[in-house]
A.B. asks: 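For reference, the structure I am asking about is given below.
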Amino acid sequence: MIILDGLNPAQREAVEAVEGPVLILAGAGSGKTRALTHRIAYLIEGKGVDPASVLALTFTNKAAGEMKERVERLLGRSGRGMWVGTFHSVCARILRAEAEHVGLDRNFAIYDSNDQLTLVRRAISALEVSDRQYPPAQVRGRISRAKNAMVGPAEFARSAGNIYEQTVAKVYQHYQREIRRSNALDFDDLIVEPVHLFQEHPEVLARYRERFRFLMIDEYQDTNRPQYLLTKLIADGRRNICCVGDDDQSIYRFRGADLRNILDFERDYPEAKVIRLEQNYRSTQTILDAGNAVISHNKGRKGKTLWTERTGGEKVVLFRCANEREEARAILDAVRTLRGTAGRTLRDFALLYRTNAQSRALEDEFRRAAVPYVIVGGLRFYERKEIKDILAYLRVAANPRDGVSLRRVVNVPRRGIGDQSLAKVEDFAFAERITPLEAMGRAEEIEGLGAKVRGAMQRFHALVRGLTEEKDQVSIHRLTEAVLEQTGYLEAVREEEGTVEAESRVENVRELLSAMEEFSERAEDPSLDAFLREVALVSDVDQWDSRADVVTLMTLHSAKGLEFPVVFIGGLEDGLFPISRMAENPEDLEEERRLFYVGITRAKERLFLSYAMDRRRYGSSGESHPSRFLGEIPEPLIERRMPGMFEVEKQSRVTGHGSQEAVTGQRTLDPRLVTRDTRPRSGEVSGAFDFEDTLPFNVGNWVIHPTLGRGQIREKDGVGPETKLTIRFDTGATKKIIIKYASLEPA
DNA sequence: CTCTCGCCTGTTTTT
DNA sequence: CAGGCGAGAG
């Protein structure tokens, strides 16, 4: 059978074990997705299983999309009908279908962590609790943790031991009441509610068990308690559950992920078959050795050792840098040097870091050098102010009960409806048992409002009413244009700020409009409701386009599941990685180590690590020390370098005359011998060079891997991928340099 | 109700 | 150092 071809014995076993519980322990780069997709294909094609009875759960839309695509590639259209999606999107789908059992309207809103925070703040102020003693972010964290432990407000209140907890309990209660009144769910509810639904409605559960006879879960090590319960509830029907994961790559403990789910799989399913995928197809032996060595310092593991047939490989390069700026330059230099060698283009490079803030220094250098890059993560597109504003209008139109969104836009752009007036509206709404939006429609009846405010409220009410009526009649794109026109949003933005900021905002709104058009063309269900649901559940990595030829910058967390020929991991300093708060508790430290392991194992060919001896942390600078994790990599695997030292890779050659040795092949040059063009140029190779810096230099489209001393170009010969230069140095030596470089365009 | 200024606080990671 | 938030004035 074609589906079984090209699989190694372990993968094959994973594919063929379709009945009963199966745990696939899949090491990094071991062909996990391959095994999973082939397994699904085998089920459908080989075993004649109806695609509609297959449910595959992932953590990111990207992973889900990839899985779907690859199964379809194997099966053609016959894979249609299976459910492949993230936990969150599948749950949203189930809740929508079963809304009446949950006490929600089908068009419920999904609140992200920012919306949550707004709601927590409101609860705190409504309860007249001090937000200094109870920082909203912290309280939100407590509520989220409670939800992930399946503890509701009532139970939380019962078990609250001290004043602090009792107060949090009150906020939690208020929060939960408000979010329900808003016909909304937060990310945690999205998973928790289906669990409740299944627990309380056996007949509903039975329906889903009947439907999903084959359950597959990717990244099982990252499941939290509600996710675990959810899968267990469904799987306990037919017990055809296949979990794929790697305990060494569990990095979401802070989000409630519970490593015990994977470690105790065999206890939950005693008849389980456990399959280990240990052959790595991604990395060189050296990189794998480094990774294995690091992760072996962890205690709580299932234990497995990755191996590869690809022996050897370049050593792991470690840069010791004076500060973060020098670190950024060292990385930039390495990218420029390696670019073009071995056919590498910019998309082959990934710069990984522990915290988003670290991207700044890298960004500065790359921007200055005009090397194109993308940053994944940080502030997401859909979290930008202007985008959230527009979306909030749409969310209110879709779900008029959405209180958080209503508050967000009621006075944006300014309409003169402030907190005072809004409070009166809310009191009135509460007394009349109507929504605040409806209350605004009846502004005439509300006492103590000025005539102006009343008018503004009625106009606002009419605006939203109009949108609600139109929302299913016109495309989301048209609807959004209506919002922009009727609110004068863009004009207001332009007026408010200096043109620089404002223009980029306007630009972002345009981007939103085109994203909507794209959605309308692509989506099965192009409705506003569907769009809002998708938007609430996309992450930045989902949108990352691996085809663009640019360097990728992202956090180690975002990098999970991806691979790159060349990987840089920066900021390997104690206190930053591992982050100081995580270094105190052994379990947290192990998680940091797993994160490092994830980073290392993203690399296929080359791995560069770096640390700075002085790192600025909020403004002030401070002395840093190399990360303890560095000491866990065996010394023979490491090549230590100073920034500015670079390698002349095999394709570039410098031939010497006179006293200079020919430099061929790969070696490291003394930084003093290296140079940089100090003048701006535009394609013409000529003139004098100042050989005093320590970096390779650009001449037009070329990068010259430098030589020594000071000198001038005497001759040049050839254009295209190979140019010969003759340089006469001040020392009297003459050098011929052959430049071979496959730069694409002047960056 | 809006705006401005200045203080303060925080950087862990995200569906 | 930055962005967010509160206080106080117009």
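Letters A, B, ... mirror the listed sequences (proteins, then strands); counts begin at 1.
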A.B. asks: Between A:Ser558 and B:dT14, is there a side-chain N or O to OP1/OP2 distance below 4.0 Å?
C.D. replies: yes
A.B. asks: Starting at the 5' end of DNA chain B, which residue's closest nucleotide do you reach first, A:Phe187 or A:Arg415?
C.D. replies: A:Arg415
A.B. asks: What integer distance in Å separates A:Tyr252:OH from B:dT14:C1'?
C.D. replies: 6 Å
A.B. asks: At under 4.0 Å between heavy atoms, what does A:Ser89 touch on the DNA or RNA strands: base, sugar-phosphate, or nothing?
C.D. replies: nothing
A.B. asks: Expressed as a whole number of angstroms, how long is the span from A:Leu422:CG to B:dT2:P?
C.D. replies: 11 Å
A.B. asks: Please check the phosphate of B:dT15 (OP1 and OP2 only) for any side-chain N or O of A:Asn224 closer than 4.0 Å.
C.D. replies: no
A.B. asks: Tell me which one of A:Val410, A:Ile417, A:Leu437 satisfies side chain to side chain contact (heavy atoms under 4.5 Å, CB included) with A:Met457.
C.D. replies: A:Ile417
A.B. asks: Starting at atom CD1 of A:Ile251, determine the distance to atom C1' of B:dT15, rounded to an integer number of angstrom.
C.D. replies: 13 Å
A.B. asks: What is the distance, rounded to the nearest whole Å, between atom CG of A:Leu117 and atom P of C:dG4?
C.D. replies: 12 Å
A.B. asks: Name the nucleic acid region contacted by A:Ile417, choosing base, sugar-phosphate or nothing; use a 4.0 angstrom heavy-atom cut-off, strictly under.
C.D. replies: sugar-phosphate
A.B. asks: Could you check how far CD1 of A:Ile579 sits from P of B:dT14, rounded to whole Å?
C.D. replies: 11 Å
A.B. asks: Between A:Gln221 (CD) and B:dT14 (P), how many Å, whole number?
C.D. replies: 16 Å
A.B. asks: At under 4.0 Å between heavy atoms, what does A:Phe254 touch on the DNA or RNA strands: base, sugar-phosphate, or nothing?
C.D. replies: base
A.B. asks: A:Leu562 CG to B:dT14 P: how many Å, rounded?
C.D. replies: 13 Å
A.B. asks: Look at the aromatic rings of A:Tyr393 and A:Phe460 and report parallel, tilted or perpendicular, splitting at 30° and 60°.
C.D. replies: tilted
A.B. asks: Would you mind classifying the nucleic acid contact of A:Asp419 as base, sugar-phosphate or nothing, using non-hydrogen atoms under 4.0 angstrom?
C.D. replies: sugar-phosphate
A.B. asks: Can you give me the closest heavy-atom contact between A:Ser182 and A:Gly403, atom names plus distance?
C.D. replies: OG-N, 3.2 Å
A.B. asks: Rounding to an integer number of Å, can you tell me how far A:Gln358 CD sits from B:dT13 P?
C.D. replies: 9 Å
A.B. asks: Tell me which nucleotide among C:dA2, B:dC1, B:dT13 gets nearest to the side chain of A:Gln420.
C.D. replies: B:dC1
A.B. asks: Looking only at side-chain N and O atoms, does A:Ser421 come under 4.0 Å of OP1 or OP2 in B:dC1?
C.D. replies: yes
A.B. asks: Pick base, sugar-phosphate or nothing for A:Asn356, based on heavy-atom distances below 4.0 Å to the nucleic acid.
C.D. replies: sugar-phosphate
A.B. asks: Heavy atoms under 4.0 Å, any strand shown: does A:Asp112 hit a base, just sugar-phosphate, or nothing?
C.D. replies: nothing
A.B. asks: With respect to the phosphate group of B:dT14, does any side-chain polar atom (N or O) of A:Thr555 fall under 4.0 Å of OP1 or OP2?
C.D. replies: yes
A.B. asks: Just so I know, are the side chains of A:Lys388 and A:Arg395 near enough to count as touching, which here means a heavy-atom distance under 4.5 Å?
C.D. replies: no
A.B. asks: Nearest to the A:Thr86 side chain among B:dT12, B:dT15, B:dT14, which nucleotide is it?
C.D. replies: B:dT15
A.B. asks: Taking the nucleotide of DNA chain B with the nearest heavy atom to each, does A:Leu595 or A:Asn411 sit closer to the 5' end?
C.D. replies: A:Asn411
A.B. asks: Can you tell me, in whole Å, how much space there is between the P of C:dG4 and that of B:dT13?
C.D. replies: 15 Å
A.B. asks: Report yes if a donor N or O on one partner sits less than 3.5 Å from an acceptor N or O on the other, where the partners are the side chain of A:Arg581 and the base of B:dT12; otherwise report no.
C.D. replies: no
A.B. asks: Mind telling me whether A:Phe608 and A:Phe568 have parallel, tilted or perpendicular rings, with 30° and 60° as the class edges?
C.D. replies: parallel
A.B. asks: Evaluate the criterion side chain to side chain donor-acceptor pair (under 3.5 Å) for residue pair A:Asp389 and A:Tyr489; output intermediate values, then yes/no.
C.D. replies: CA-CA 9 Å; A:Asp389 286 345; A:Tyr489 187 85; 2.6 Å; yes
A.B. asks: Can you find a side chain N or O atom of A:Arg121 that sits less than 4.0 Å from OP1 or OP2 on C:dC5?
C.D. replies: yes
A.B. asks: When you measure from the side chain of A:Arg414, which nucleotide among C:dA2, B:dC3, B:dT12 comes out closest?
C.D. replies: B:dC3
